[in-house]
Visitor: 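To start, I am sharing the structure in question, which I have written as structure tokens.
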Amino acid sequence: MLDEIKNLPRLRSDLPDHMDVDYAGARGLLYGCGYTDRELDTPHIGIINTWSECNPGHIHLRELEAAVERGIRETGGLPFHFNGVSVCDGIVKPAYILPSRDLLVNEIEVMAEANMMDALVLIGTCDKVLPALLMAAGRLDLPMIVVTGGYMETARLHDQYVDYIDVGPSITKALRGEISQEDYQELLHSIAPGPGACGMMGTANTMSMICETIGMSLPGNSCLPAVSEELRNLAYQAGKQIMCLWEQQITARQIITPAAIANAIHMCMAIGGSTNTIIHVPAIATESELDMNCSDIYADASQKIPLLVGIRPNGPHCMEDFRRAGGLGSVLNEIREHLDLSCISVNGRTLAENIQGHIILDNTVIRPLEHPLSFDGGMALCRGNLVPEGAFIKLSAVPEALRNTFSGRARVFTNVYDATAALRNGDIHAGEAILIIYQGVKAGPETAYNFTTELKGSPLKESVCVITDGRLSGAASGACFSYASPEAALRGPLCAVRDGDIITYDLPNRRLEIELPQEELERRMAQAELKLAPKKGYLKVYQHCVGSVLKGAVLT
């Protein structure tokens, strides 16, 4: 096929068999892999697959890889398979979760650049993997397509949807004797009935929709089940389409633009997406060398874009309900007045063309703009003397009783385990503001999710707020602020808070404050004894090199 096409781009992978040891030796070694001259003279297309037997999000990806390979070969390319790191937030040690993202970015760079790949297809599913694939695309700026791995089936137990987000509340209920151990064990055996991303609006599905909105995956990819003929067919089409992108030299940075990033943020508000996007989207922009302030776009979008989608934990529905109701295309079409419709996608079409004709099929799952679930967006950025650079809260998951203002005495914890023990022991009380600090990227990085998910099953869920400089799960619910910045380990105001201090918030006005004179706050900050846990190995490198959360906490 390629022989029939004129004026093809120069191959980065070109290894002419002339009398140069660097080139001739490399070609000779590739003969040892069984490749022919004809194959080696075609575009070398890397397939980065994050397949793993360690978690359900990636255990099925070999089938997608095979479909991608078939598409590449049928259109005249030579596929090369590489594997990349993938971890599940719900399985691995928390300290490794966010650092795994940047490790994968670097792995992709090394394999693609060292092997001089002409183009890449990136396959992945879960919370930190999909951001990494987009970051790598922005960094390398090659012709690239991302294939997202789909969502798992959502099980029903006692006629209710159940998934990973039910585990924490059920622990609390089991400890309080509200459910039996048998019921608790039945839940654990039900939450992951098969491969794919958890079927709620957590980070994995949010990032899949961000990938599609930006234009780096084929339209419709984000709303396909993991185990489906439709997803395998889409992977095959991605293998064919990567050859078109290579022929036309359409590279990632022509797609990942400031307008495309803004589109993704606006979409995220409408779907009630994960708060973790506020660290991943700036990271994508940073790796793409875009000079933009994503926090301000989030803040502005939260005032303009209402919440339209009630997928768990924002409502009673699951991802399969969302797909049947019209999926991402219908949401994007519904908010089209807030989008730059001229942005292009990997299929070569504009966003306007891709969403044309997509309508809402079930307005109990996807609401129209004039009748949203909430006129507030999915999340908000709050600032104040406690968080001068801001803290994010998922408005769509805040109980009604806590949705406006709050004032309470601080309870300060420096690790999530002590906080969780206090909750279980009855040492946390209604009206308190729970601070779990030294969890940010410099100090940890850790997560306060274990606490917030157990809080969800507690009677205190509608009477306390939580503030952390670490991350939360994208499925967290409650009056929970994450990524409070500057983090305590950077001597931000959080390090100065003491038990009993009065913490207030005003969500309509996007304020989060501590009731202290500025002079006293600054004195405490200067005198604070910072708590930095020493790290070893890769985590030590990460802690030393990680940059600002506002720029995505990328390695600098």
Side-chain angles (χ1 to χ4, degrees), residues 46-65 68 81-112 120-140 144-152 164 192 195-214 216-217 221-222 224 226 231 235 238 252 256 264 273-274 276-277 279-281 283-284 287 319 445 447 471 473-475 538 542 552-555:
I47 304 176
I48 306 290
N49 188 3
T50 53
W51 169 84
S52 168
E53 292 182 333
C54 293
N55 64 75
H58 298 85
I59 199 166
H60 64 300
L61 296 184
R62 280 181 166 172
E63 288 188 14
L64 300 186
E65 181 181 47
V68 169
H81 300 268
F82 305 109
N83 204 232
V85 65
S86 63
V87 302
C88 171
D89 288 34
I91 295 175
V92 304
K93 289 182 178 179
Y96 283 91
I97 293 173
L98 186 57
S100 74
R101 181 197 72 174
D102 295 81
L103 181 60
L104 178 55
V105 177
N106 289 325
E107 281 188 319
I108 295 170
E109 177 195 341
V110 169
M111 298 309 294
L120 296 174
V121 178
L122 311 174
I123 306 173
T125 304
C126 289
D127 298 24
K128 304 304 173 288
V129 172
L130 292 181
L133 302 186
L134 290 169
M135 291 163 65
R139 180 187 293 183
L140 295 175
M144 300 170 88
I145 292 179
V146 178
V147 176
T148 60
Y151 54 86
M152 70 172 64
Y164 178 75
C198 298
M200 76 288 189
M201 194 60 74
T203 306
N205 286 315
T206 303
M207 287 305 308
S208 182
M209 292 186 216
I210 282 177
C211 188
E212 184 178 328
T213 302
I214 288 174
M216 285 302 298
S217 60
N221 192 170
S222 65
L224 293 178
L231 185 56
I256 306 174
S274 166
N276 286 332
T277 66
I279 194 171
H280 299 318
V281 171
I284 297 162
E287 292 286 8
M319 279 297 297
T447 174
R471 62 181 185 84
S473 165
Y538 170 60
Y542 181 87
V554 301
L555 301 186

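Owing to the predicted nature of the structure, the values given are computational and were not obtained by experimental measurement. Below, each value reflects all heavy atoms present in this structure, side chains not excepted, and no hydrogens, waters or symmetry copies.
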Visitor: Has H58 got a side-chain atom pairing as donor or acceptor with G149's backbone, closer than 3.5 angstrom?
Guide: no
Visitor: Which atoms form the tightest heavy-atom contact between S208 and S217, and what is the distance?
Guide: O-OG, 4.5 Å
Visitor: Please enumerate all residues that pass side-chain hydrogen bond (donor to acceptor under 3.5 Å, both in side chains) together with S222, with sequence neighbours excluded.
Guide: E212
Visitor: Heavy atoms, side chains only, cut-off 4.5 Å: are H280 and T203 in contact?
Guide: yes
Visitor: Considering only NZ, NE, NH1 and NH2 on the basic side and carboxylate oxygens on the acidic side, decide whether D89 and R471 come within less than 4.0 Å.
Guide: yes
Visitor: With the side chain counted from C-beta on, respond yes when P56 and M152 share a heavy-atom pair under 4.5 Å apart, and no when they do not.
Guide: yes
Visitor: Apply side-chain hydrogen bond (donor to acceptor under 3.5 Å, both in side chains) to N221 and list each qualifying residue two or more places apart in sequence or on a separate chain.
Guide: T148
Visitor: Just by distance, do the side chain of T125 and the backbone of G57 share a donor-acceptor pair under 3.5 Å?
Guide: yes
Visitor: State, with a plain yes or no, whether a side-chain heavy atom of V105 is found less than 4.5 Å away from one of E287.
Guide: yes
Visitor: So which heavy atom on E107 is nearest to which on V85, and how close?
Guide: OE1-N, 2.9 Å
Visitor: Out of Y542, Y538, Y96, which residue meets the side-chain contact (heavy atoms from CB on, under 4.5 Å) rule with L103?
Guide: Y538
Visitor: Side chains of V92 and I97: closer than 4.5 Å at any heavy-atom pair?
Guide: yes
Visitor: Would a 4.5 Å heavy-atom cut-off, applied to side chains only, mark E109 and L140 as touching?
Guide: yes
Visitor: On a heavy-atom basis, which atom in G124 and which in L61 lie closest, and how many Å separate them?
Guide: CA-CD1, 4.0 Å
Visitor: Using the rule side-chain contact (heavy atoms from CB on, under 4.5 Å), only one of V146, I48, I145, V68 pairs with I123; which is it?
Guide: V68
Visitor: Are D102 and M135 close enough that some pair of their side-chain heavy atoms sits under 4.5 Å apart?
Guide: yes
Visitor: Are I256 and I284 close enough that some pair of their side-chain heavy atoms sits under 4.5 Å apart?
Guide: yes
Visitor: Taking side chain as C-beta onward, heavy atoms only, is N205 less than 4.5 Å from M200?
Guide: no
